[in-house]
Every structure is written in C-alpha cells, then in structure tokens.
Colleague: 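Starting off with a structure, shown below.
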Amino acid sequence: MPKTDAYETDLLAAFDKGALKSVASKAELAKFKAAARATALKDKRVNIRLSSGDLQDIQVKALEQGMPYQTLIASVLHKYVTGRLAER
C-alpha cells in the first residue's frame, strides 16, 4: 500500500469516524453509479504478446501505483481510446 501523508491520514481518520458527509445529490449519485457500472463492465477478453522487458516494466509501474498490472494495462488502453492519454 502506498505511504500516506499527514493530510491523507487525517482524511482516513475522519472517514473512519463517520465525520464526512457526501455533498452529491441523489441524481448525481445515480449518474456516478451508472458510469462506474459501465466502466467496470469487462465483458471481453483480449490476449496480447509482450516482450519480457515490457511486461516487467509494466509490473513495476503497476506496483508503484498500487494496482494489478492487468488493471494498469486496461487503464492505459481506456485513456488512449478516450483521448485522455497525451504524448509527451
């Protein structure tokens, strides 16, 4: 799990105490839930071949981000197809 700074630690403590309140309306929550469901729906399987070096690099990046490497690959592909992945 990634390290947390003082602000994040305070935020987690407030959440655990139940001191945080949602400011989203019921309509907004419904919209967010629908978007999350649609985003999380993974109904197709894809097999790809990668070089061992690329896979190791991806696994290291995923570990740094605290997520499974398959999730990182799916996230990068999603950002690319939605135009949110920018070249440097």
Side-chain angles (χ1 to χ4, degrees):
M1 183 169 180
K3 292 183 180 181
T4 57
D5 61 22
Y7 172 75
E8 293 168 323
T9 302
D10 292 344
L11 190 61
L12 287 170
F15 177 79
D16 289 339
K17 291 178 186 175
L20 302 178
K21 271 186 143 177
S22 176
V23 294
S25 68
K26 287 186 181 187
E28 287 174 318
L29 288 176
K31 183 175 100 175
F32 295 147
K33 285 179 184 179
R37 246 185 238 106
T39 301
L41 179 63
K42 296 178 183 174
D43 60 348
K44 298 291 182 187
R45 178 181 296 262
V46 175
N47 295 317
I48 60 173
R49 293 191 182 274
L50 301 172
S51 70
S52 296
D54 285 346
L55 180 58
Q56 287 177 342
D57 290 344
I58 290 169
Q59 289 173 327
V60 167
K61 295 277 188 191
L63 188 59
E64 290 171 355
Q65 296 293 317
M67 66 174 64
Y69 74 92
Q70 298 97 330
T71 303
L72 176 62
I73 293 170
S75 174
V76 169
L77 290 172
H78 178 74
K79 288 176 184 176
Y80 176 75
V81 301
T82 59
R84 293 187 296 146
L85 187 66
E87 280 190 55
R88 287 196 248 177

Colleague: Once side-chain contact (heavy atoms from CB on, under 4.5 Å) is applied, do any residues pair with Y7, and if so which ones, sequence neighbours excluded?
Modeller: D5, L11

Colleague: Apart from L63 itself, which Ile, Leu, Val, Met, Phe, Trp or Tyr residues share its cluster (side-chain heavy atoms under 4.5 Å, direct or through members)?
Modeller: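 Via sub-4.5 Å side-chain contacts, L63 links to none.
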
Colleague: Hydrophobic clusters join Ile, Leu, Val, Met, Phe, Trp and Tyr when side-chain heavy atoms are under 4.5 Å apart, directly or via other members; which others share one with I58?
Modeller: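 Members other than I58 - counting any ILVMFWY side chain reachable under 4.5 Å - are V46, I48, L50, L55, M67, Y69, L72, I73, V76, L77, Y80, V81, L85.
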
Colleague: Mind checking who shares a hydrophobic cluster with L29, ILVMFWY linked at side-chain heavy-atom distances under 4.5 Å?
Modeller: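 Its cluster mates, by chain and number: none.
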
Colleague: For A14, enumerate each residue passing the side-chain contact (heavy atoms from CB on, under 4.5 Å) test, keeping only those at least two apart in sequence or located in another chain.
Modeller: A19, L20

Colleague: With sequence neighbours left out, what residues match S75 under side-chain hydrogen bond (donor to acceptor under 3.5 Å, both in side chains)?
Modeller: none

Colleague: Can you sort out the partners of T82 under side-chain hydrogen bond (donor to acceptor under 3.5 Å, both in side chains), two or more places apart, ordered by chain and number?
Modeller: R84

Colleague: Between atom CD of Q59 and atom CD of Q70, what is the distance when rounded to the nearest 0.5 Å?
Modeller: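 If I round to the nearest 0.5 Å, the distance is 8.0 Å.
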
Colleague: Does S52 have any side-chain hydrogen bond (donor to acceptor under 3.5 Å, both in side chains) partners at least two apart in sequence or in another chain, and if so, which?
Modeller: none

